[in-house]
Enquirer: 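Starting off with a structure, shown below.
By convention in this document, chain letters (A, B, ...) are assigned in the order of the sequence lines, proteins followed by strands, and residues within each chain are numbered from 1.
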Amino acid sequence: MFEGLNREQRVAVETLKGPLIVVAGPGSGKTRVMTHRISHLIACGIAPGSILAITFTNKAADEMLRRTLLLLDHPEPPEGVPGFLEASGFGISAESPVIRTFHSFCSRILRRDLYRIEPYSGDFSIYDTTDQTQLHNEVLASLELDRTTFPARAGLSTISNWKNWMISPDEAQEKATTFRDRELVRIFRSYQQELERRNALDFDDLLLLMLRLLREHPDVLTRYRARFQHLMIDEFQDTNRPQYLIARLLSVEHRNICITGDPDQSIYSWRGANPDNFRRFQEDFPEYKTVHLNRNYRSTPQIISVASRLTSDHLGERRLYTENPDGEDVKVVEVSDERAEARKIASSVANWSAEGTPLSEIAILYRINALSRAIEEELVRNHYPYAVIGGTGFYERKEIKDILAYLRAARFPRDEVALRRIVNVPPRGIGKISFERLVDSARDRGMDLGEAIRDKEVVSAVRGKARKGLTDLVKVLDDLARLEDRPLPEQVEAAIEASGYVNHLERSEPESWQERTRNLEELVTAAAETEEILQAAATDDDDIDPLIVFLERISLVTDVSFFEERDARVSMMTLHAAKGLEFNRVVIVGVEETLIPHSRHIEGGGLDEERRLLYVGITRARHEAVLTYTTWRRRFQEREPRLPSSFLNELEGEGICFQRAGSSLGIISVEDQRSGLTERLEDPFWEDDEMQVGVWIHHDLLGRGIISATSGRGTSKRISVRFEACGEKQLVVAYAPLKVISPPDEEWEPC
DNA sequence: TGTTTTCTGTTTTTT
DNA sequence: ACAGAAAACA
């Protein structure tokens with residue numbers, strides 16, 4: 001049971017009673033400790049079902065469950081069936097520990113008990129970001145506020161912050177001083193009311209309502225306290241206030257709570273994560289014990305020593321060390337632009353692959369999703385399979401969301417977001433005006449939209465094409481609703497069929513309709529998979545609607561493991577998404593000022609978190625870490641000069657080597673590179689010609705004009721020209737009869 | 001007049 | 001690639 005564990009790890013595994021803090025650096029065997037601890041609990045006679053382990057992602061949950069079952073000599077869970085099984089199953093068996101994220105754990109409980117809180121019920125919808133944005137904008141319309149002054153992104157992030165810090169609309173109102181703040185509070189208030197009315201929960205609500213449930217219903221609290229005698233929380237540095245309070249409520253009596261985390265890897269404060277929870281924990285559970293896991297088993301000494309330069313010296317006490325053999329230096333590579341960066345990465349992949357590193361052991365990490373594009377293109381060109389993790393995920397694709405919206409609208413008439421989404425997709429003549437008319441008429445009668453579209457009088461308020469479209473839609477939805485008891489894949493297929501969606505795709509997206517249709521087929525496959533899992537867990541006492549399970553799985557389980565096949569592929573993801581993962585070789589791209597640190601966080605408290613983000617990135621690597629930065633990068637249409645990240649200065653020292661692409665492996669310090677930067681402003685890839693914005697030209701046919709924009713290079717370079725005689729035209733420089741002229745005098749007269 | 005198509009400007013991180 | 005705005009269409 002304890003073989004292969006070091007002394008500290010063993011202490012953590014053996015301490016089963018009472019509060020325990022495990023401070024675990026990257027690669028220190030934290031998951032090992034957690035899985036051993038769970039199996040040790042079970043070996044000591046604790047009922048598996050009374051163990052609740054909270055992880056940060058569903059992927060981590062699956063991994064932990066899989067490894068725990070292995071330790072327990074369980075038959076291996078079927079390949080490719082994620083621990084999601086557990087989500088629907090926790091009512092079922094006391095034979096397996098419950099390992100989930102906070103969100104899916106809460107959702108599971110709320111499915112059963114949310115009816116206790118007015119006016120909700122257990123078949124609530126979960127609103128994802130898209131749904132939230134739509135609702136936000138509906139709220140704006142009803143409050144007669146302007147979309148540009150109150151963008152959804154900003155508004156929702158403010159609302160989410162309030163919720164994470166458990167500030168009610170009333171409290172927010174008291175603190176609001178400016179006009180804008182007061183308007184935001186109004187938006188918050190009606191956003192929340194509208195969610196309630198629709199029996200819908202956003203991600204924050206999953207936590208907040210769980211907390212309310214436990215606080216307001218002592219019998220429920222007692223039940224779950226009795227049920228979960230042992231709590232474990234992973235990535236504790238990234239828990240927010242409601243999450244901590246839920247954990248405290250569940251464990252404050254038996255006090256068997258083990259938290260693991262690493263303040264140096266706290267990278268989610270923007271989502272309300274509060275490292276201060278460590279301090280609160282120490283106050284609330286003063287008899288706690290602490291274990292420090294400082295020995296790293298993952299990385300080379302070079303990687304550890306370089307990465308450690310980014311962490312604050314916690315009194316020199318918590319320093320991470322390793323006894324692994326030496327490896328290569330961490331490399332910092334300068335390249336001229338994002339295409340050169342992509343080529344450099346592709347050639348690294350080629351070399352590593354030739355040396356025998358499997359593609360699945362290579363990761364490319366970046367600060368923002370937008371950086372993946374250039375690299376993807378290069379990998380495609382070189383025929384390297386890759387998987388972009390996160391980003392626009394499968395379930396965020398338009399066609400997928402549309403079909404799911406059909407199912408939602410058919411079966412959950414209160415869920416207006418879904419109905420609004422598909423009311424005119426495919427186009428059936430119900431435009432903005434007709435729809436507004438419909439909504440008004442429904443509101444006048446105090447009806448839900450779902451009722452309204454079936455109401456004769458309301459429908460007669462709309463006329464012509466729109467009325468026909470509406471009756472067609474109602475028929476489609478009613479037909480779908482009738483399939484309630486059919487198997488899930490059949491329902492999904494029916495939704496695709498009845499909506500005429502494939503036809504619509506073919507007409508409206510001649511470029512991509514085939515791929516999108518394939519995606520829809522994948523959706524049917526996913527439905528079949530869910531159906532299968534539910535069949536396997538047929539002992540379910542809760543008898544939950546398969547469609548609800550399917551939708552929930554989709555909104556909460558966005559990990560790779562759920563959908564992607566496990567072929568050998570290069571992984572590409574953001575630094576945030578890489579948390580908790582490890583790879584033999586890691587490339588971090590775009591290590592540039594304004595990217596990491598991101599421009600929004602260069603000043604103020606956010607800077608430390610950016611530094612930790614880079615720390616997390618570097619420590620993902622076992623054998624080799626490469627950091628790249630460019631001197632030029634294309635952003636929208638413009639190419640802009642770039643500076644290396646200021647963090648690179650902090651990394652200087654033993655175990656790291658700076659090199660310029662194309663140059664021999666000479667060691668060049670950051671200062672050398674900085675001073676060399678100005679002379680390299682003429683980038684070899686930048687063909688500087690005369691056709692620049694602001695230059696006057698003469699066209700043989702169109703006459704005089706001034707260049708207002710340029711794009712592309714070489715023979716594909718295009719310019720926009722505002723002509724005196726005929727307005728703005730687009731021209732291809734290589735083919736247009738143009739010559740540069742000196743500016744007309746009148747334009748240059750000083751005013 | 002109302003609907004559909006085309007064009008333009010926009011991307012921090014995510015359960 | 002996507003959303004919102006302007007233009008084109010019925």
Enquirer: Can you tell me how far C1' of dT15(B) sits from CG of Leu208(A), to the nearest Å?
Expert: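 Going from CG in Leu208(A) over to C1' in dT15(B) covers 13 Å.
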Enquirer: Which nucleotide, if any, forms a Watson-Crick or G-U wobble pair with dA8(C), using both distances under 3.5 Å?
Expert: dT3(B)
Enquirer: What is the base-pairing partner of dT11(B), counting Watson-Crick and G-U wobble geometry with both distances under 3.5 Å?
Expert: none
Enquirer: So what does Arg437(A) hit on the nucleic acid, given a heavy-atom distance under 4.0 Å: a base, only sugar-phosphate, or nothing?
Expert: sugar-phosphate
Enquirer: Can you tell me the distance, in whole Å, between the CG atom of Asp238(A) and the P atom of dT14(B)?
Expert: 13 Å
Enquirer: Go nucleotide by nucleotide along DNA chain B from the 5' end; which of Arg507(A) and Glu610(A) gets its closest nucleotide reached first?
Expert: Arg507(A)
Enquirer: If you only use heavy atoms from C-beta on, which nucleotide in dT4(B), dT13(B), dG4(C) is closest to the side chain of Pro427(A)?
Expert: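 Ranking dT4(B), dT13(B), dG4(C) by closest atom to the Pro427(A) side chain puts dT4(B) first.
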Enquirer: How long is the line joining CZ of Arg271(A) and P of dT13(B), in whole Å?
Expert: 13 Å
Enquirer: Base, sugar-phosphate or nothing for Ser508(A)? Non-hydrogen atoms, less than 4.0 Å.
Expert: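 Here Ser508(A) touches no strand at all.
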Enquirer: Specify the separation, in whole Å, of atom CG of Asn58(A) and atom C1' of dT14(B).
Expert: 12 Å
Enquirer: Using whole Å, what does the distance between atom P of nucleotide dG2(B) and atom CG of Leu438(A) come to?
Expert: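 To the nearest whole Å, that distance equals 15 Å.
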Enquirer: Side chains of Glu63(A) and Thr31(A): do they bring a donor and an acceptor to under 3.5 Å?
Expert: no
Enquirer: So, does Glu609(A) use its side chain to make a donor-acceptor pair with the main chain of Gly606(A) at under 3.5 Å?
Expert: no
Enquirer: Taking only side-chain nitrogens and oxygens of Arg100(A), does any of them come within less than 4.0 Å of OP1 or OP2 of dT15(B)?
Expert: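 Answer is no, no contact under 4.0 Å.
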Enquirer: Would you confirm whether the ring centroid of Trp270(A) sits within less than 6.0 angstrom of the ring centroid of His576(A)?
Expert: yes
Enquirer: Toward the 5' end of DNA chain B, which comes first, Phe435(A) or Ile368(A), by nearest nucleotide?
Expert: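 This one resolves to Phe435(A).
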Enquirer: So for atom CZ, which belongs to Arg467(A), do other residues, nucleotides or ligands contribute more than 12 heavy atoms lying within a distance under 6.0 Å?
Expert: yes
Enquirer: Return no unless some side-chain N or O of Ser104(A) is found under 4.0 Å from OP1 or OP2 of dT15(B).
Expert: no
Enquirer: Among the candidates dT13(B), dG2(B), dC2(C), find the nucleotide nearest to the side-chain atoms of Ser434(A).
Expert: dG2(B)
Enquirer: Quick one: Lys401(A) NZ to dA1(C) P, roughly how many Å, whole number?
Expert: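 Distance check: Lys401(A) NZ to dA1(C) P gives 18 Å.
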Enquirer: dT14(B) P sits how many Å from Gln243(A) CD, rounded?
Expert: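 Whole-Å distance recorded here is 16 Å.
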Enquirer: State whether the aromatic ring of Phe102(A) stacks on the base of dT15(B), taking stacking to mean ring centres under 5.5 Å apart and ring planes under 30° to each other.
Expert: no
Enquirer: When the distance from NE2 of His576(A) to P of dT11(B) is rounded to whole Å, what number comes out?
Expert: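 One finds 19 Å between P of dT11(B) and NE2 of His576(A), rounded.
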Enquirer: State whether Asn369(A) places a side-chain N or O below 4.0 Å from either non-bridging phosphate oxygen (OP1 or OP2) of dT14(B).
Expert: yes
Enquirer: Looking at Asp205(A) and Leu208(A), would you say the former's side chain and the latter's main chain have a donor-acceptor pair under 3.5 Å?
Expert: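 Here the side-chain-to-backbone pair does not exist.
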Enquirer: Any base atoms under 4.0 Å from Asn424(A), or only sugar-phosphate, or nothing? Heavy atoms, all strands.
Expert: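 Sugar-phosphate, no base atom in range.
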Enquirer: Just compare dT3(B), dT14(B), dT4(B) and give me whichever is closest to any side-chain atom of Ala466(A).
Expert: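 Of the candidates, dT3(B) comes closest.
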Enquirer: Using a 4.0 Å heavy-atom cut-off, does Arg612(A) contact any base of the nucleic acid, only the sugar-phosphate backbone, or nothing at all?
Expert: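 Here Arg612(A) touches no strand at all.
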Enquirer: Take the angle between the ring planes of His504(A) and Tyr501(A) and call it parallel below 30°, perpendicular above 60°, tilted in between.
Expert: perpendicular
Enquirer: Closest to the Ile433(A) side chain: dT3(B), dT13(B), dT15(B)?
Expert: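 Selected nucleotide (nearest to the side chain): dT3(B).
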Enquirer: Regarding His103(A), tell me which of base, sugar-phosphate or nothing describes its non-hydrogen contacts under 4.0 Å with the strands shown.
Expert: base
